[in-house]
Participant: 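Below are the structure tokens for one structure; questions will follow.
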Amino acid sequence: MKKIVIALSVLALLSSCVSKKKYTDLEARNKETQDLLNTATVKLNACLEEKAALSATASLLKEQNQGLISTSKDMTILSTKGAENIEKALESIKEKDLKISRMQDALTKKDSVTLAVVTSLKSAVGISDPDIEINVEKGVVFISIADKLLFKTGSYDVTDKAKGVLAKVAKVVNDKPDFECMVEGHTDNVPFNGSGILLDNWDLSVKRSTSIIRVLTNQLGVKPEQLIAAGRSSYIPLVANDSAENRARNRRTRIVVLPKIDQFYEMIEKEMKKQSK
């Protein structure tokens with residue numbers, strides 16, 4: 001810029017000394033120089049603006065890059081936590097599978113015990129007699145003996161014929177010291193009309209139960225601690241008490257065989273409680 005001013009000054013001083021042609025040439029060159037200067041200035045300003053824009057873009061990209069780095073670190077942390085959670089979930093699934101397997105084993109063992117009881121009883125007692133029924137309800141073994149095999153009408157004295165049947169039941173019970181048996185007396189709905197200590201069918205059903213228990217313990221060697229006495233009167237009939245035949249079916253003694261498998265049930269309950277937490 002200073003050079004241009006000096007050149008112009010020199011031109012002014014020499015204008016009187018130079019010819020008009022030379023002055024015109026110098027003036028033309030000066031104009032060209034000024035045009036070049038203006039063009040250079042425009043380009044410089046454009047470059048400065050572009051530099052500013054690029055600097056802003058660079059700053060933005062730098063921030064974005066830092067954000068990506070931070071996100072990448074977070075993703076790494078999340079991936080690590082996700083992997084840990086997946087591993088924990090798999091371990092939990094394995095534990096539940098093990099618990100389910102244990103419960104299934106317990107139930108299988110329970111079913112095996114029940115099947116063994118039924119097989120032993122049917123083998124010992126026999127299944128051809130229509131007055132003796134052996135069945136399983138909800139995993140419990142029941143032996144139902146018709147009243148006519150055990151007692152006379154309105155009586156709780158066990159007949160000699162009944163002792164032969166009870167001897168077979170006693171053999172199975174004695175072979176299974178871990179079993180308990182609940183002896184249930186059942187009557188029809190005809191009111192008890194006897195005399196003595198019995199007042200009604202409740203008394204009769206319980207008295208028949210205790211009479212059978214005394215035969216099992218006193219004559220057939222069953223341990224008293226394995227037996228439970230119970231009377232149900234006429235309130236759980238097999239069929240409606242609307243005929244002599246049906247009333248005869250309802251008069252019965254039911255022996256409920258209860259294997260002591262509490263440990264299996266306890267294990268199942270514990271596992272279920274653990275899963276519910």
Participant: Would you mind reporting whether Ile236 and Glu184 have side-chain heavy atoms less than 4.5 Å apart?
Facilitator: no
Participant: With rounding to the nearest 0.5 Å, note down the distance linking CD1 in Ile212 to CG in Leu166.
Facilitator: 5.5 Å
Participant: So, Ser211 side chain and Tyr156 main chain: donor-acceptor pair closer than 3.5 Å or not?
Facilitator: yes
Participant: Of Arg208, Arg252, Lys152, which meets side-chain hydrogen bond (donor to acceptor under 3.5 Å, both in side chains) against Asp147?
Facilitator: Arg208
Participant: Identify the two heavy atoms, one from Leu199 and one from Asp203, that lie closest to each other, and give their separation to 0.1 Å.
Facilitator: N-OD2, 2.8 Å
Participant: Rounded at 0.5 Å granularity, tell me how far CG in Asp200 sits from CG in Asn193.
Facilitator: 11.0 Å
Participant: Does the Ser233 side chain pair with the main chain of Tyr235, one donor and one acceptor, at a distance under 3.5 Å?
Facilitator: no
Participant: Taking all non-hydrogen atoms of both residues, which atom of Asn250 and which atom of Asn241 are closest, and how far apart?
Facilitator: ND2-OD1, 2.8 Å
Participant: Tell me the closest heavy-atom pair linking Pro177 and Asn174, and the distance in Å.
Facilitator: CD-O, 4.1 Å
Participant: Looking at Ala240 and Asn246, what are the two nearest heavy atoms and their distance?
Facilitator: O-CB, 3.0 Å
Participant: Check whether more than 12 heavy atoms from other residues, nucleotides or ligands sit under 6.0 Å from atom NZ of Lys163, and answer yes or no.
Facilitator: yes
Participant: Measuring only between side-chain heavy atoms, which start at C-beta, is Leu198 closer than 4.5 Å to Phe192?
Facilitator: yes
Participant: Is the shortest heavy-atom distance from the side chain of Ser234 to the side chain of Thr187 under 4.5 Å?
Facilitator: yes
Participant: Ignoring hydrogens, what is the shortest heavy-atom contact between Ser205 and Gly231? Give both atom names and the distance.
Facilitator: OG-CA, 3.4 Å
Participant: For residues Ile145 and Val222: do they belong to one hydrophobic cluster (side chain heavy atoms under 4.5 Å, members Ile, Leu, Val, Met, Phe, Trp, Tyr)?
Facilitator: yes
Participant: May I ask you to test the Leu227-Thr217 pair for a side-chain heavy-atom distance under 4.5 Å?
Facilitator: yes
Participant: Count I, L, V, M, F, W, Y as connected when their side-chain heavy atoms are under 4.5 Å apart, and connections chain through other members. Are Trp202 and Ile213 then in the same cluster?
Facilitator: no
Participant: Mind checking whether Val173 and Leu220 have side chains closer than 4.5 Å, heavy atoms only?
Facilitator: no
Participant: Nearest 0.5 angstrom please: Ile228 CD1 to Ile255 CD1, how far?
Facilitator: 12.5 Å
Participant: Does one hydrophobic cluster hold both Ile197 and Val206, with members joined at side-chain heavy-atom distances below 4.5 Å?
Facilitator: no
Participant: Tell me if a side-chain donor or acceptor on Ser209 pairs with a main-chain N or O of Ala230 at a distance below 3.5 Å.
Facilitator: yes
Participant: Could you tell me if the side chain of Phe151 sits less than 4.5 Å from the side chain of Thr253, heavy atoms only?
Facilitator: yes
Participant: Minimum heavy-atom separation for Pro191 to Asn201, with atom names?
Facilitator: CA-ND2, 4.1 Å
Participant: State, yes or no, whether a side-chain contact exists between Val165 and Lys161 at a heavy-atom distance under 4.5 Å.
Facilitator: no
Participant: Atom NZ in Lys223, atom CG in Leu216: separation rounded to 0.5 Å?
Facilitator: 14.5 Å
Participant: If you round to the nearest 0.5 Å, how far is CG of Leu238 from CG of Asp188?
Facilitator: 11.5 Å
Participant: Nearest 0.5 Å, please: how far is CZ in Arg254 from CE in Met182?
Facilitator: 7.0 Å
